[in-house]
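Lettering of chains follows the sequences in order, A, B, ..., and the numbering in each one begins at 1. These numbers come from a predicted model, not from an experiment.
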Amino acid sequence: MTAQAESGTDPAFYEQTWDLSYRHALGETTSRFLAGLAKGEIWGRRDPASGRVLVPPRSYSDRDHTPTTDWVKVANEGVIEMFTVVYEPFRNLPDPPYALAYVTLDGADTALVGYVKGLDLSDREEAVRRLAIGERVVVAFADEPTGTAADYWFEPAGD
Amino acid sequence: MTTRTAPAPIAVLATHELVAPREDHMSLEEMIFACSSTVLKKAGLDHSTLEGVVMSGQDQIDGRVISCMPSAGPAGGVGRDVTMIASSGDHALVYGWMRLLSGQGSNVLVIGWSKPSESVSLAHSQSVSAEPFVLRAVGMNDTIAASLQASRWYTPDAPVEDPVSWPLGAEDLPADADAVYAAVLATADQVGPEGPIAWIRGAGWSTDQYDMGSRDLTENTPLRQALAQIEQISGVPRARTWDVVEIAAASEPAVRRAAEALDLPATARVNPSGSLRERPAPAHVSGLGRMLAALDAVGKGEASHAAAVGLHGFAGQGATVMVFSGEQER
């Protein structure tokens, strides 16, 4: 923890930084999802009540409050459901501009969030047109997986 | 769900708010004390006659943890029952209302706060709200979530000037502030001859799935569920008699979509207290702030019936609706 106090007639402040670390248990379902990314595969879980395939996978269906059952491997391509291009800097996020999208992969019933790369974002109109809802994208995977959800991203299909 | 007897009337005796774009001269605890002591005085109460306190704070933004403990004193809660709602500030008003409906006392102070200016990087603090496995690895905050949602309502050729995050520009996004909002509620037998500011007619609230990729973000599902809950449990007609509706949301497009979902009469006014930029508020208690604005409209006689909608969480995962009126009706 660092601290710095200022005094005087002006408002005084006490700045603190707390360096807290956490070690989150992934659970079996997320562990398998991340392991699949390292192999270039996206896996979902089927909700038996609705038949929906949930991606990213959960061990339960939060809509029906029932356990999910079997694993389903979905395609490495799909359609954009929503997107944004970020132009304002946010701490711990990439330098803008960058694009994010939710994509429903073929065989899945819910959308997966990820960065969209491989676009020239300096031409805003063209970038937005290529990111439009319904546009197809493919999943790309890191050559050196980190074991996290940062191991995948999307790219426009056909590039 | 069956229709039940309307809840007993609960009065709002007083409200008060302290809002500043950036409050550098008072600590958060001093703001809480100033707001709570003022609203109690307005209500004709003091610490000796106050029976309970319901609080709502955003600890990760304020840099406090379990802040109901250090804040019990400035809020007037020492020696009283104090409950902190670890969710949006609009829930605190609902819980205060329910506390009295359940017979747990005859008055309660509801107080909600957030002081985002004390977060050196607000967006960084917000990012802790994201679940740790997928969303944090990508990066998410209120602005990005609101923009993703708004992309469902815009076509690629929509004119968008200087977006912060396409398709939203600064004018579409809420202005931040340091704020404390407070209200004193009481049972009907505690209301003096001068009458209350307003009566609470009913409340409903609902929560959608956390994962935005599992939701239809164009549907306003939690809002519709909250409205149905009010109608079925409180017997309050949906929106037909509302003169004023105050809506807190993550973006102006989200406000417009929520207003459309309410199916308001043509004469109803939406957010007469100001747009999301004109009425700055921290996200965590923006719904509570809008509820105070709706109460103010009733108290000033500008509306006989007013409602407030608090949409909270990434892209409006949750919705709270409260309905107020100037007359004690059942």
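Each of A:A108, A:A111, A:A101 has some count of heavy-atom pairs under 4.5 Å with chain B, and the biggest count is that of A:A111. Highest contact tally toward chain A, considering only B:V120, B:D211, B:L122, is held by B:D211 [criterion: heavy-atom pairs under 4.5 Å]. Annotation: maximal heavy-atom pairing with chain B below 4.5 Å, among A:V113, A:T146, A:T148, occurs at A:V113. Chain A forms more heavy-atom pairs under 4.5 Å with one residue of B:L148, B:V160, B:V134 than with any other, namely B:L148.
Both the backbone and the side chain of A:L26 come within less than 4.5 Å of a heavy atom of chain B. Interface residue A:E81: backbone and side-chain heavy atoms are both found under 4.5 Å from chain B. Looking at B:M26, neither its backbone nor its side chain comes within 4.5 Å of chain A, counting heavy atoms on both sides. Proximity to chain A is limited to the side chain of B:N141, based on heavy atoms less than 4.5 angstrom apart. When heavy atoms are compared at a cutoff of 4.5 Å, B:L217 approaches chain A solely by way of its side chain, counted from C-beta outward. For A:I133, the part sitting under 4.5 Å from any heavy atom of chain B is the side chain, from C-beta outward, and nothing else. Residue A:Y22 does not touch chain B at all, counting heavy-atom pairs closer than 4.5 Å. Heavy atoms closer than 4.5 Å to chain A are found in the side chain of B:R136, but not in its backbone. Contact of B:S27 with chain A is not made at all, since no heavy-atom distance falls under 4.5 Å.
Using a cut-off of 4.0 Å between Lys/Arg side-chain N and Asp/Glu carboxylate O, A:D62 and B:R215 are scored as not salt-bridged. Between B:E219 and B:R152 no salt bridge is recorded (no basic side-chain N to carboxylate O distance below 4.0 Å). Ion pairing of B:D62 with B:K115 is absent here, as no side-chain N (NZ or NE/NH1/NH2) approaches a carboxylate O to less than 4.0 Å.
Judged by distance alone, the side chain of A:R45 and the main-chain N or O of A:Y60 form no donor-acceptor pair under 3.5 Å. Using modelled atom types, one side-chain atom of A:T84 and one backbone atom of B:W166 make a donor-acceptor pair closer than 3.5 Å.
A 4.5 Å side-chain heavy-atom check between B:H284 and B:S56 finds at least one atom pair inside the cut-off. With a 4.5 Å cut-off on side-chain heavy atoms, A:D151 and A:L34 do not count as touching.
In this view, B:D162 satisfies the side-chain hydrogen bond (donor to acceptor under 3.5 Å, both in side chains) rule with no residue, not counting sequence neighbours.
Checked by atom type, the side-chain pair A:R58/B:S214 shows a donor-acceptor distance below 3.5 Å.
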